[in-house]
Amino acid sequence: MTPRKLNKSNHFTIHQIPFEGHKSTNALAFKHYNPAEIVDGRPVKDHLRFSIAYWHSFRGTGADPFGASTVHRSWEKGRDPLSVALDRMDAAFEFVQKICAPFYCFHDRDVAPEGGSLAESNKNLDRLVAHAKSLQKATGIKLLWGTANLFSHPRYMNGAATNPDAHVFAFAAAQVKKALEVTHELGGENYVFWGGREGYETLLNTDLKREQNHLAAFLRMAVDHAKAIGFKGQLLIEPKPKEPTKHQYDFDVATAIAFLRTHGLDGSFKFNIETNHATLAGHSFPHEIEVAAAHGLLGSIDANSGDALLGWDTDQFNTDIKELTLAMISILRAGGLGSGGAELRCEAPATIG
């Protein structure tokens with residue numbers, strides 16, 4: 001099937017967002033972010049390497065645990081999930097173009113609907129990857145990283161790589177195998193592992209050491225497959241405390257470093273650090289960056305935060321100038337993010353700054 005071309009329609013007559021400086025009164029202009037400005041010998045865009053996250057930006061519904069969806073998008077119409085997914089991708093690339101971001105990133109299930117079987121899911125993903133490839137070529141937008149969603153489907157209720165059911169472990173391994181392959185096909189510069197449910201609720205029915213060994217075996221297979229297909233990108237782990245289990249095996253950077261070294265995997269992974277995950281672990285964002293950098297394992301960042309008065313991962317844009325300034329100092333001292341970048345995601349509209 002021939003890939004569709006980028007939808008050139010300008011739905012709300014919104015053009016590419018320009019930099020106009022802090023005195024501008026244009027609501028749709030950057031006031032402070034000048035991608036061409038030189039800082040420490042490099043353009044700002046090369047320091048930050050902004051990436052628009054596909055899930056909250058284009059899949060988030062604006063719901064919370066106590067309410068229904070509040071976000072309704074004009075392109076989310078139709079009964080055929082695959083056609084809707086193609087329209088959604090057109091809208092996503094149009095947005096990324098207009099906001100002048102050089103990268104995007106996604107979970108496999110963000111871009112393509114899950115089918116009734118693994119084979120059908122993979123077929124759906126192949127169709128959307130072909131379209132993404134054509135859009136990347138048409139726009140110059142690149143893939144910062146891909147990943148597999150190993151936490152949303154009910155099969156992953158008790159984890160993926162640490163699930164006690166061998167069939168679930170095998171399904172998760174097959175899903176990561178495919179996600180790695182499509183990330184490689186799209187020229188992704190990184191691949192991220194999110195341990196959304198890799199933890200436990202009670203030790204009464206948990207063999208902790210065995211589950212961690214299974215997680216290590218899973219990651220080792222992923223490393224081997226990445227090498228087998230010629231993927232040259234960086235493999236990243238994102239520590240995720242309390243999301244949603246009480247005892248996550250990748251609680252924070254220090255815990256994950258100990259895990260990697262225990263299992264001889266520290267030479268294969270770096271870290272993707274999220275502001276709100278640092279907070280949930282009882283740390284600051286700069287602390288987690290410094291711990292990773294001290295061990296030469298700083299890879300990328302998720303620049304979203306939580307609400308200081310709420311206890312869950314609310315995924316808001318980080319607007320704490322002090323925290324972000326300290327974080328950027330740590331990143332600059334570490335020599336930058338390399339092939340990583342700054343991933344942006346939020347379910348609610350935001351002010352362009």
Side-chain angles (χ1 to χ4, degrees), residues 6-58 60 73 89-106 132 135-145 187 189-190 272-275 285-286 289 300-305 315-353:
L6 178 64
N7 181 359
K8 294 292 185 179
S9 65
N10 204 329
H11 301 296
F12 303 103
T13 64
I14 296 174
H15 303 284
Q16 194 169 60
I17 308 300
F19 168 72
E20 294 183 358
H22 69 279
K23 293 183 179 181
S24 172
T25 58
N26 180 3
L28 288 177
F30 290 112
K31 311 300 191 300
H32 306 287
Y33 174 62
N34 179 3
E37 182 180 358
I38 303 299
V39 174
D40 197 28
R42 298 170 63 196
V44 168
K45 66 180 180 67
D46 291 343
H47 282 293
L48 298 173
R49 290 167 59 86
F50 283 131
S51 175
I52 304 302
Y54 209 96
W55 51 105
H56 287 328
S57 304
F58 298 98
R73 300 176 173 89
M89 184 169 280
D90 285 342
F93 271 82
E94 184 177 347
F95 174 83
V96 177
Q97 266 192 307
K98 287 177 178 178
I99 206 157
C100 304
F103 297 99
Y104 73 113
C105 50
F106 64 80
L135 294 179
Q136 287 184 194
K137 183 177 180 180
T139 63
I141 296 166
K142 299 178 181 179
L143 179 63
L144 184 67
W145 50 256
E189 298 190 19
N190 307 268
N272 186 47
I273 299 169
E274 180 183 307
T275 310
F285 187 35
I289 292 172
S300 195
I301 62 171
D302 278 10
N304 62 296
S305 66
D315 287 331
Q316 302 167 191
F317 286 126
N318 194 333
T319 57
D320 186 328
I321 295 175
K322 177 182 176 182
E323 181 175 49
L324 291 175
T325 299
L326 292 173
M328 283 308 303
I329 289 172
S330 295
I331 290 170
L332 289 171
R333 285 195 305 210
L337 295 171
S339 66
E343 175 228 303
L344 299 175
R345 55 188 164 107
C346 183
E347 291 198 23
T351 300
I352 294 175

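Sequence positions, counted from 1, serve as the residue numbers for this chain.
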Test your reading of the model: is there a side-chain donor-acceptor pair from K98 to the backbone of I14, 3.5 Å cut-off? yes
Within the 4.5 Å heavy-atom criterion, are L144 and N190 side-chain neighbours or not? yes
Taken to the nearest 0.5 Å, the spacing of F103 CZ from I52 CD1 works out to 12.0 Å
Using the salt bridge (Lys or Arg N to Asp or Glu O under 4.0 Å) rule, collect all pairs that involve residues 18-29, keeping only residues at least two apart or in two chains. none
Parallel, tilted or perpendicular: which fits the ring planes of F106 and Y54, with parallel below 30° and perpendicular above 60°? perpendicular
Return the CD1 to CD distance between I141 and Q136, rounded to the nearest 0.5 Å. 8.5 Å
Qualifying side-chain hydrogen bond (donor to acceptor under 3.5 Å, both in side chains) pairs, either residue in residues 39-51, two or more places apart: R49-E189
Sequence-distant partners of F285, ring pair (Phe, Tyr, Trp, His ring centres under 6.0 Å), two or more places apart: none
For F30 and I99, what are the C-alpha separation, side-chain angles and deciding distance, and is it a side chain to side chain contact (heavy atoms under 4.5 Å, CB included)? CA-CA 9 Å; F30 290 112; I99 206 157; 4.0 Å; yes
Taking side-chain contact (heavy atoms from CB on, under 4.5 Å) as the test, write out the residues that go with I331, two or more places apart. I289, L298, I301, M328, L337
Sequence neighbours excluded, the answer for side-chain hydrogen bond (donor to acceptor under 3.5 Å, both in side chains) partners of E37 is none
S300 meets the side-chain hydrogen bond (donor to acceptor under 3.5 Å, both in side chains) criterion, sequence neighbours left out, with N272
When every non-hydrogen atom of Y104 is compared with those of A132, the smallest separation belongs to OH-CB, 3.7 Å
To the closest 0.5 Å, what do you measure between CG (N304) and CG (D302)? 5.5 Å
S305 side chain reached by D320 side chain, heavy atoms, under 4.5 Å: no
What one should report as the nearest heavy-atom pair of A29 and S24 is CB-OG, 4.0 Å
Output all residues satisfying side-chain contact (heavy atoms from CB on, under 4.5 Å) with T319, sequence neighbours left out; order by chain, then residue number. none
Among residues at least two apart in sequence or on other chains, which ones pass ring pair (Phe, Tyr, Trp, His ring centres under 6.0 Å) with F50? Y33
Can you list everything that forms a side-chain contact (heavy atoms from CB on, under 4.5 Å) with A53? Sequence neighbours excluded, please. W55, C105, E343, R345
For L344 and S57, work out which heavy atoms get closest and say how close. O-OG, 4.2 Å
side-chain contact (heavy atoms from CB on, under 4.5 Å) involving P286 - partner list, sequence neighbours excluded: S284, E323, L326, A327, S330
CG/L135 to CZ/F93 distance, rounded to the nearest 0.5 angstrom? 5.0 Å
Please give me the minimum heavy-atom distance between D315 and H56, naming the atom from each residue. OD2-NE2, 2.6 Å
Go through the structure and list residues passing ring pair (Phe, Tyr, Trp, His ring centres under 6.0 Å) with F19, not counting sequence neighbours. none
